[in-house]
**Student:** 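Below you'll find the structure I mean.
Heavy-atom basis, side chains included; hydrogens, waters and symmetry copies ignored.
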Amino acid sequence: QRAQTGSQDATSPRSVEALVRRVPGTHSPLAQTLPSGLSRTEQLLIVQRHLDLPFVPSYVARHGGWVVDRVLNALGSRGTGWWTTVTARLRAQQALLQQMEGRRNVLLDPANYALSVRGRANLGPLGSLSGTAELDSLDQLRAWVQGVELPSPPQVRAVLKRPLPGRHELTAEASMHSHYMDGGGEYREAPRVLSVDLASKRRPDGLRYQAGVYQTVSKVDAGPDLEEGG
């Protein structure tokens, strides 16, 4: 294990939730939210409900070009102390090219869709627990239902945040097959990672700091920057 600046979120359309993790130790701002302070899911809901748009487009090269995202279902709210959402992505450009090539029923092809399920619950004095499961393709869901080997594993992440005295916050995280971005903008997958971070909140004197430890439980296919936490 190695103490250093903990891994943080970075914005990226590569994920349905528009987030990937930074390799621990790479430099980034302390803020761990999107610039607007809203999650990708919340942004999509605002567009759908207030601008009456059915979906939001974005460009993702690894998903075949232009894609469209939509929140299919949302239960609960911040006011109720819990919420959960289901967000889908259609690889629109990929499906269009398939249609132009003469393929039929391209909108029924599970490989043209990605799915994200996200939830959060307030635990009172214990803090909050949030989790995300993301399927890069609905082929993963079909394989799981049929009980066959998955074409590629889904990304799963659980985070426990607990406030501490002195305007501090403790974050414990467990993730499987999460995508990490290094300082050069390259992506890599880490099969299993555990981490704990301690960070100060906003202080009157303006001083903020963060420290953390992480453990790469499985180093298969993990890059050297991730392995050095083992």
**Student:** Could Arg157 and Glu173 be called an ion pair, given the rule that one side-chain N must be under 4.0 Å from one carboxylate O?
**Tutor:**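 Yes, Arg157 and Glu173 are salt-bridged.
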**Student:** Indicate whether the side chain of Ser128 and that of Arg120 have a donor and an acceptor atom separated by less than 3.5 Å.
**Tutor:**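 Yes.
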**Student:** Is a salt bridge present between Asp136 and Arg91, judged by a nitrogen-to-oxygen distance below 4.0 Å?
**Tutor:**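 Here Asp136 pairs with Arg91 in a salt bridge, since their nearest N and O are under 4.0 Å apart.
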**Student:** Could you walk me through whether Val196 and Thr171 satisfy the side chain to side chain contact (heavy atoms under 4.5 Å, CB included) test, starting with their C-alpha distance in whole Å, then the side-chain angles of each, then the deciding distance to 0.1 Å, before giving a yes or no?
**Tutor:** CA-CA 6 Å; Val196 178; Thr171 302; over 6 Å; no
**Student:** Please report the closest heavy-atom contact between Arg49 and Ala74, naming both atoms and the distance.
**Tutor:**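 Looks like NH2-CB, 4.1 Å.
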**Student:** Looking at CH2 of Trp144 and CG of Asp139, how far apart are the two atoms once the value is rounded to the nearest 0.5 Å?
**Tutor:**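 Rounded to the nearest 0.5 Å, the CH2-CG separation comes out at 15.5 Å.
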**Student:** Should we say atom CG of Asp52 is surrounded by more than 12 heavy atoms from elsewhere, each under 6.0 Å from it?
**Tutor:**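 No - once you tally the heavy atoms of other residues, nucleotides and ligands closer than 6.0 Å, there are 12 at most.
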**Student:** So with a 6.0 Å cut-off around CZ of Arg62, is the heavy-atom count from everything else above 12?
**Tutor:**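 Buried by this count: over 12 neighbours within 6.0 Å.
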**Student:** Applying a strict under-4.5 Å side-chain criterion to I, L, V, M, F, W and Y, I'd like to know whether Val145 and Leu138 cluster together.
**Tutor:**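 Looking at the clustering, Leu138 is in the same group as Val145.
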**Student:** Going through the checks in order, is the side chain to side chain contact (heavy atoms under 4.5 Å, CB included) test met by Asn73 and Thr87?
**Tutor:** CA-CA 7 Å; Asn73 192 31; Thr87 305; over 6 Å; no
**Student:** Show the numbers, then the answer: is there a side chain to side chain contact (heavy atoms under 4.5 Å, CB included) between Arg89 and Val68?
**Tutor:** CA-CA 6 Å; Arg89 166 171 289 176; Val68 292; over 6 Å; no
**Student:** List in chain and number order the residues that pass side-chain contact (heavy atoms from CB on, under 4.5 Å) with Glu101, two or more places apart in sequence or in another chain; answer none if no residue qualifies.
**Tutor:**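 Listed in chain order: nothing, the list is empty.
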**Student:** Decide side chain to side chain contact (heavy atoms under 4.5 Å, CB included) for His63 and Gln94; before the verdict, give the C-alpha distance in whole Å, the side-chain angles of both, and the deciding distance to 0.1 Å.
**Tutor:** CA-CA 8 Å; His63 284 178; Gln94 176 175 292; over 6 Å; no
**Student:** Please confirm whether the backbone N or O of Leu107 pairs with a side-chain atom of Tyr113, one donor and one acceptor, at under 3.5 Å?
**Tutor:**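 Judged by distance alone, yes, a pair lies under 3.5 Å.
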